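Report on the following structure.
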8 protein chains.
Amino acid sequence: MSNVYTPDLNRGDRIGLEEAIFCEGKSSKDLLTILSDYHENNTSCLLTRLSVSKFESLPKQIKEAMDFDPFSKTGFFGQVRQTKKDKLVAIVTAGTSDIGVAREAARTLQHAGEDSIEYDDLGVAGLWRILEKEKELQRYPVVIVVAGMDGALFGVVGGLVASPVIAVPTSVGYGAANHGHTALSVALANCAPGLLVTNIDNGYGAACAALRILRQIRG
Amino acid sequence: MSNVYTPDLNRGDRIGLEEAIFCEGKSSKDLLTILSDYHENNTSCLLTRLSVSKFESLPKQIKEAMDFDPFSKTGFFGQVRQTKKDKLVAIVTAGTSDIGVAREAARTLQHAGEDSIEYDDLGVAGLWRILEKEKELQRYPVVIVVAGMDGALFGVVGGLVASPVIAVPTSVGYGAANHGHTALSVALANCAPGLLVTNIDNGYGAACAALRILRQIRG
Amino acid sequence: MSNVYTPDLNRGDRIGLEEAIFCEGKSSKDLLTILSDYHENNTSCLLTRLSVSKFESLPKQIKEAMDFDPFSKTGFFGQVRQTKKDKLVAIVTAGTSDIGVAREAARTLQHAGEDSIEYDDLGVAGLWRILEKEKELQRYPVVIVVAGMDGALFGVVGGLVASPVIAVPTSVGYGAANHGHTALSVALANCAPGLLVTNIDNGYGAACAALRILRQIRG
Amino acid sequence: MSNVYTPDLNRGDRIGLEEAIFCEGKSSKDLLTILSDYHENNTSCLLTRLSVSKFESLPKQIKEAMDFDPFSKTGFFGQVRQTKKDKLVAIVTAGTSDIGVAREAARTLQHAGEDSIEYDDLGVAGLWRILEKEKELQRYPVVIVVAGMDGALFGVVGGLVASPVIAVPTSVGYGAANHGHTALSVALANCAPGLLVTNIDNGYGAACAALRILRQIRG
Amino acid sequence: MSNVYTPDLNRGDRIGLEEAIFCEGKSSKDLLTILSDYHENNTSCLLTRLSVSKFESLPKQIKEAMDFDPFSKTGFFGQVRQTKKDKLVAIVTAGTSDIGVAREAARTLQHAGEDSIEYDDLGVAGLWRILEKEKELQRYPVVIVVAGMDGALFGVVGGLVASPVIAVPTSVGYGAANHGHTALSVALANCAPGLLVTNIDNGYGAACAALRILRQIRG
Amino acid sequence: MSNVYTPDLNRGDRIGLEEAIFCEGKSSKDLLTILSDYHENNTSCLLTRLSVSKFESLPKQIKEAMDFDPFSKTGFFGQVRQTKKDKLVAIVTAGTSDIGVAREAARTLQHAGEDSIEYDDLGVAGLWRILEKEKELQRYPVVIVVAGMDGALFGVVGGLVASPVIAVPTSVGYGAANHGHTALSVALANCAPGLLVTNIDNGYGAACAALRILRQIRG
Amino acid sequence: MSNVYTPDLNRGDRIGLEEAIFCEGKSSKDLLTILSDYHENNTSCLLTRLSVSKFESLPKQIKEAMDFDPFSKTGFFGQVRQTKKDKLVAIVTAGTSDIGVAREAARTLQHAGEDSIEYDDLGVAGLWRILEKEKELQRYPVVIVVAGMDGALFGVVGGLVASPVIAVPTSVGYGAANHGHTALSVALANCAPGLLVTNIDNGYGAACAALRILRQIRG
Amino acid sequence: MSNVYTPDLNRGDRIGLEEAIFCEGKSSKDLLTILSDYHENNTSCLLTRLSVSKFESLPKQIKEAMDFDPFSKTGFFGQVRQTKKDKLVAIVTAGTSDIGVAREAARTLQHAGEDSIEYDDLGVAGLWRILEKEKELQRYPVVIVVAGMDGALFGVVGGLVASPVIAVPTSVGYGAANHGHTALSVALANCAPGLLVTNIDNGYGAACAALRILRQIRG
């Protein structure tokens, strides 16, 4: 019972994405075991869904080796690579409450060496806000849209830009928002053709999908 | 067991809306009993959710006394009143598949003496379509929006006009559209403030709500 | 990443409703950024779903500029306008546990300059309570009904008054009450014709809908 | 594999209710096997959920031995006992579409020797209809209420009479009526104290429950 | 806004059940307002779903006037009547975790003057436990069965006794137990004929239903 | 596009179970392509969920090579092996309507060379029926229980026998039976320890699981 | 009411995807109106979800102008462009029953001038089937995976190839497959990083998403 | 009311599994009553779902008599038997977050005298991890697979080994993982034939099922 994890060693070579550590549900003890091994082997990695309290419970030495962002609950452990100069990904949020999830996407891209630009609080209740950015958005080869509640922004962006659009529904809202399931269903049942969808609050997944696409574009 | 129904006799006086006959689930025999009584008493009424086959099963005399529209599954039984000259209600649909439900609303309004205007197939995947109508729509004291699938049109209209907006989700779509429940949840969990919502496919209910509002406006 | 929000500047002119700040899901830091801007520009606004602990976490200067009501979790930030003399909206609750949501509606109306009257604890288990108020209620051009659990009050009021009736289901109850989804479905699948429905616990939305209607009535 | 059923022979003695044959899902062949045995042994029984087409597929001799009611989909096979003179059960329906289920309850009572009285189409959208019957209903030791859609009638009756009230939700309605699940949840999450609930469309079960109660009352 | 409640004054006369105070969702302030009125008028009442912390928050004088049971979260406020000598209700639980809900039923009966007997932990995984009590249970005119998880006990008891059986599903269990919804559905979709069902964890409702039946039996 | 299927050639060697053909959702054309190949190669196989109409649509030659059972919707195509002499599996059904699913299990076992014995209609509403078989059932190394509606039989059998018990929920029932999902949840959330569960109506899967166990027992 | 549709005229220029006609829910009359206009203007288009019976109901002239494929329910109306020589998209199905949906994707790509290659029936129950194709699949810049039931193939392919992987859940399966919702949830909650998901049975949407990506790759 | 539990005394003899104490939902007081009796009678037992705080609340004497494992929330109370030398059960987890549930299974087996071996973190996103263990896993007569999120490991293992495979879905994941219901549905709707499924997070149940099978194998 000593080996609580089996690292997917060649994932980077195989699919171009390094393994990240999903911290939710892992005991602090198991998490520490993993990070200590990484520390010893001088391996760097991305941590996701790392709560402030779980981060605080780690030993000082480990914490000091980590660039932790409490808002997106992500950590960069060890060395982080330089980001490429050109920004190919735009990240749009419908409301201020969606920014934490958008930041998870931005940080995941950054950890993989891709910079991104964020356009915040452009929900369709004030439609001029997104229309004002139409031309700008059309310049990006990949657009990530982050929205909760009614998720109406997914389809509007999908109808304005020709690039692949990745929809990230968030759990923002109450009652009929159903913890993000309404925004998720909206993204899936959309009239705008060719929307791509990830799990609720899954900024990390949207970034990984963007990285898969960028790899094909950059060649 | 002879009396299968108890007419709500003074409903028109009480709440300004005559009782309509909801035909779904009623046996043809019971429906005939009711209509025969109405015929005898020379009372007129609106029938909703009357399928073609149930209509066809009625006796010739009853059918001839009815103005039946198979597309909206509505019937006008007996005399129909004149509609008022001014149109105060706009009905907008997101797609061609939503028109049957929109027609149920239009016919219900017509039966109560109110005319309406229909704007069809203005879904947000081609956003310019609704934007082109913005000024026109703002002129109507009541706007009914009929949409299935992602229901994104509800919030867009709600953000463009100041009048009361009544959202009618439809069961158009498949998979994550969930028989209209996604469009319904979208309408309810909307960022556009003050949307009013009715049941799925309930054009009749939207029209009744509009009539309640018009009664206050017309004074 | 410095601009965490994009104010919908002309919303008041466009749809007659000023933008409100939905506080749930916003970090205290982002909320403070927004309020500081408002403070600087001498702009007033309504805050909804502001928990006591988030309110308490704000700086003293900001708190003093706010009229905060913990029961409805609403805040008036900055100057508040005078309410009009005539009360056109009645707000009815089914039980004492529904009053928090009703107060959110009343406060939203008040912030927009409309006074209202509240009738509390008139659930149909003691039917005489609502019947006693029938004549009074019929005088109001808009009636908001707030109810959880079985939501039977929606249909009863809908069958007694001719005005537009706005149903606000609440999350009061347990088990089969399903966090308000039963009351919501009841409002939607109602036999009383022309009920208008908002999201669960959405007193704010009901008030906004009422304001849209009042604007048409007041002309 | 020859014995497709195991009759619960002493059920009548044990719990006061004879075994009935639930026909849904049984192959016509298996149903015929069972009825032939009953015919041979001169045993009578009640059949429920017997569709017209399945009834029609039975041999003439079996059909002639059955009093079949297509509306409630019930059959009395063999001899039927005399009903008692006094009627102790009132059955109330909210709408004409609920009568089929009410009839299943009435026929089940009749088969067990209890007569009943039916009050039809007393839904709360026209509240005076049920109020007019208040005194009459209070005379019955058991009241069965049959309602679909919003199911508001359950709580209203539960608040008016002191007898045990058995709620039978029906699958009447569409959209948010959710095939009877909304009416079911309404009955369960009710503010009227002490409502008793059965499965959707289960007139048979409501009658059986009434028979259990009547057995205690008649002593 | 001073009157936060409207007491259902003649409920006892009308339906034989005094109004109880459902404490969940009520603010401590509103609860105190109600109890102070009762105290002043020397009225006694039953409180349900009163959490320990809400009870503790009440003033000493009010607490001393209450017989509070933390396990069932019920309180008797003011004078309590004598219970009748004969016990007509048996309460059976499937497991030790269901006892809190059973106690709510027992306390509600006691407050209305009816004593009861409890049979605990008789789940069907050890079938001999319920079979051993078969004869005893058959003596009671009303049997309440309280069970969570699979709820198999409902049908077993329903098949063993002729009295009315009231099923109270509980939220005991995890995963597929679905917070009591599985036990609830089991009670409703039961093969044992004539089971009567209440909301999840609703011991109070089961007791009220029993009181309605007892009133008919005692005459 | 000519190869519509990729046979899992060594499945029998690998996991001891030959590949079966799941016919639902396959076009008649694709099904015929597969069977013609099998016919040519003189390979035998089991077909499941083969509707009568799809079977009838096959060419005569193919039909004649098949032992088709319409009740369980299974077909044996080609040669069938001899069944072993000793019966190690008991299949119990709760009601006559569950027999079709039980037969699918029996036929799957038979096709793999294992005989079984069926005990039908032993639901717990008449508890003596299953108790009478207790000793007999305890003799079988594997017991399959097939039940719909409330699924109470799963836990009762699980508490009576020491062998592995495989629960097969069926879609028998209506309303709260939820197309078999209630019986499924009951099997999963059971108090009887160590129940094993398969998909709704999945007699085939239960038989395959039994075959995996028998392989270990027979050694 | 004469204009039942509003063509999104410049969609091709705007987002690189021509408007397609979703035929489900449209009346035959409305569909004919649209196609007649297209015919007159010599415009070509793609039709999706066109059932055989609706196709058959069209006039001969229209039918002859259409390349209709009943298996994928798609039609090419008018002239079809030449497909590009290089195939950049691989389409993998888990089972033969998923091929109809895969064909919808292939036909949509073809209509837009992109060829594709299909790998059929590679579900993970026989894992060697997909492993055998690993190297081949890694060559394609876009991989579409079509799977119902357990949807395990999505994650396996996502872990083997570096290209963007588009998951299309299908409604194949029964019981716990939940009409495709289980496969959908599996795709969304996947451990393989960066999976992109579309609606259930939405081969059309997957193809449109692929076209968005290809546009970026082809530059 | 003094007897809060009814021990299933001969369960071990009857079904080969001693009764365990499910601690969730039991009050500390009731739990103590039970354990004190066991202590007095020198009976040993297994406790499941015993939270750290509930364990800590027990008296010192009771705590000292217990081997408590906080990670799996299990306790061995009193004497524990020797485990058998040969390990017949393999327990596989998909991720580190699933280990707590796996440990519950291992501890339950250990308490019943069966040792087991654990293979951790072998999820299919890095497919080589499980393939590397294929031969080893095939040696065990029973394989338990523990997985959350997409649950893809269930089918992969089911397709690789011939032994009975018991799937334990876990509540690991978020959004579309639906608290383990997605993994549960995946296990049930699986293409790999003959998977056996237990409740979400039910390591205890999986171990009990394994014990039933082992009893047949060991003879």
Side-chain angles (χ1 to χ4, degrees), chain C residues 52 69-73 87 90-107 109-110 115-133 136 146-150 153 169-183 200-201, chain E residues 1-15 17-35 37 47-49 51 54 73 101 104 148 168-172 178-185 187-188 197-206 208:
Chain C
V52 173
D69 173 47
F71 193 41
S72 61
K73 294 184 191 150
K87 299 181 181 185
I91 304 177
V92 186
T93 62
T96 306
S97 303
D98 301 315
I99 296 181
V101 174
R103 199 69 43 89
E104 192 192 55
R107 294 260 298 172
L109 288 168
Q110 183 189 343
D115 207 352
S116 61
I117 184 162
E118 219 173 290
Y119 295 89
D120 285 319
D121 198 20
L122 304 184
V124 305
L127 197 59
W128 59 271
R129 297 184 293 197
I130 186 74
L131 291 174
E132 225 177 49
K133 306 290 184 190
E136 256 179 274
V146 184
M149 289 172 148
D150 56 73
L153 191 59
T170 71
S171 52
V172 171
Y174 58 93
N178 269 327
H179 313 285
H181 287 276
T182 291
I200 296 163
D201 291 336
Chain E
M1 291 184 185
S2 58
N3 292 320
V4 297
Y5 74 108
T6 312
D8 188 8
L9 297 164
N10 66 343
R11 184 179 292 184
D13 296 339
R14 207 173 65 240
I15 64 169
L17 300 162
E18 301 295 336
E19 200 176 18
I21 302 178
F22 174 74
C23 300
E24 215 172 85
K26 283 194 180 57
S27 68
S28 292
K29 202 179 126 220
D30 286 352
L31 182 59
L32 183 55
T33 304
I34 299 174
L35 288 177
D37 282 11
L47 297 97
T48 64
R49 300 214 150 217
S51 67
K54 202 171 271 181
K73 295 185 191 146
V101 174
E104 192 191 55
V168 187
T170 72
S171 52
V172 171
N178 269 329
H179 313 285
H181 288 276
T182 291
L184 171 59
S185 297
L188 290 162
V197 188
T198 68
N199 197 4
I200 297 163
D201 292 336
N202 193 4
Y204 166 73
C208 288

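Naming: A, B, ... by sequence-line order, numbering from 1 per chain. The structure displayed is predicted, hence computed values, not measured ones.
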Most contact-rich option vs chain E, by heavy-atom pairs under 4.5 angstrom, among C:Thr93, C:Asp98, C:Ile99, C:Val172, is C:Ile99
Test side chain to side chain contact (heavy atoms under 4.5 Å, CB included) on E:Val168 and E:Val101 and set out the steps.
-> CA-CA 8 Å; E:Val168 187; E:Val101 174; 3.8 Å; yes
Just wondering, are more than 12 heavy atoms of other shown residues or ligands nearer than 6.0 Å to NZ in C:Lys73?
-> no
Run the side chain to side chain donor-acceptor pair (under 3.5 Å) check on E:Asp30 and C:Thr96 step by step: do they pass?
-> CA-CA 8 Å; E:Asp30 286 352; C:Thr96 306; over 6 Å; no
Decide, yes or no, whether a salt bridge links E:Glu19 with C:Arg129 under the criterion of side-chain N to carboxylate O below 4.0 Å.
-> yes
Could you tell me which portion of C:Phe71 (side chain, backbone, both or neither) has an atom closer than 4.5 angstrom to a non-hydrogen atom of chain E?
-> side chain
Winner by heavy-atom pair count (cut-off under 4.5 Å) against chain C, out of E:Ile34, E:Asn202, E:Asp201, E:Leu184 | E:Asn202
Whether over 12 other heavy atoms sit under 6.0 Å from C:His181 NE2 = yes
Any chance the side chains of C:Asp69 and C:Ser72 put a donor and an acceptor closer than 3.5 Å?
-> yes
Which residue out of E:Asp8, E:Ile15, E:Thr6, E:Ile200 racks up the most heavy-atom pairs below 4.5 Å with chain C?
-> E:Thr6
Contact leader toward chain E among C:Gly126, C:Ser97, C:Gly175, C:Gly95, where contacts are heavy-atom pairs under 4.5 Å | C:Ser97
Go through the atoms of C:Ala102 and report whether side chain, backbone, both or neither lie under 4.5 Å from a heavy atom of chain E.
-> neither
Cut-off 4.5 Å, heavy atoms of chain C, and the answer for E:Pro169 is neither
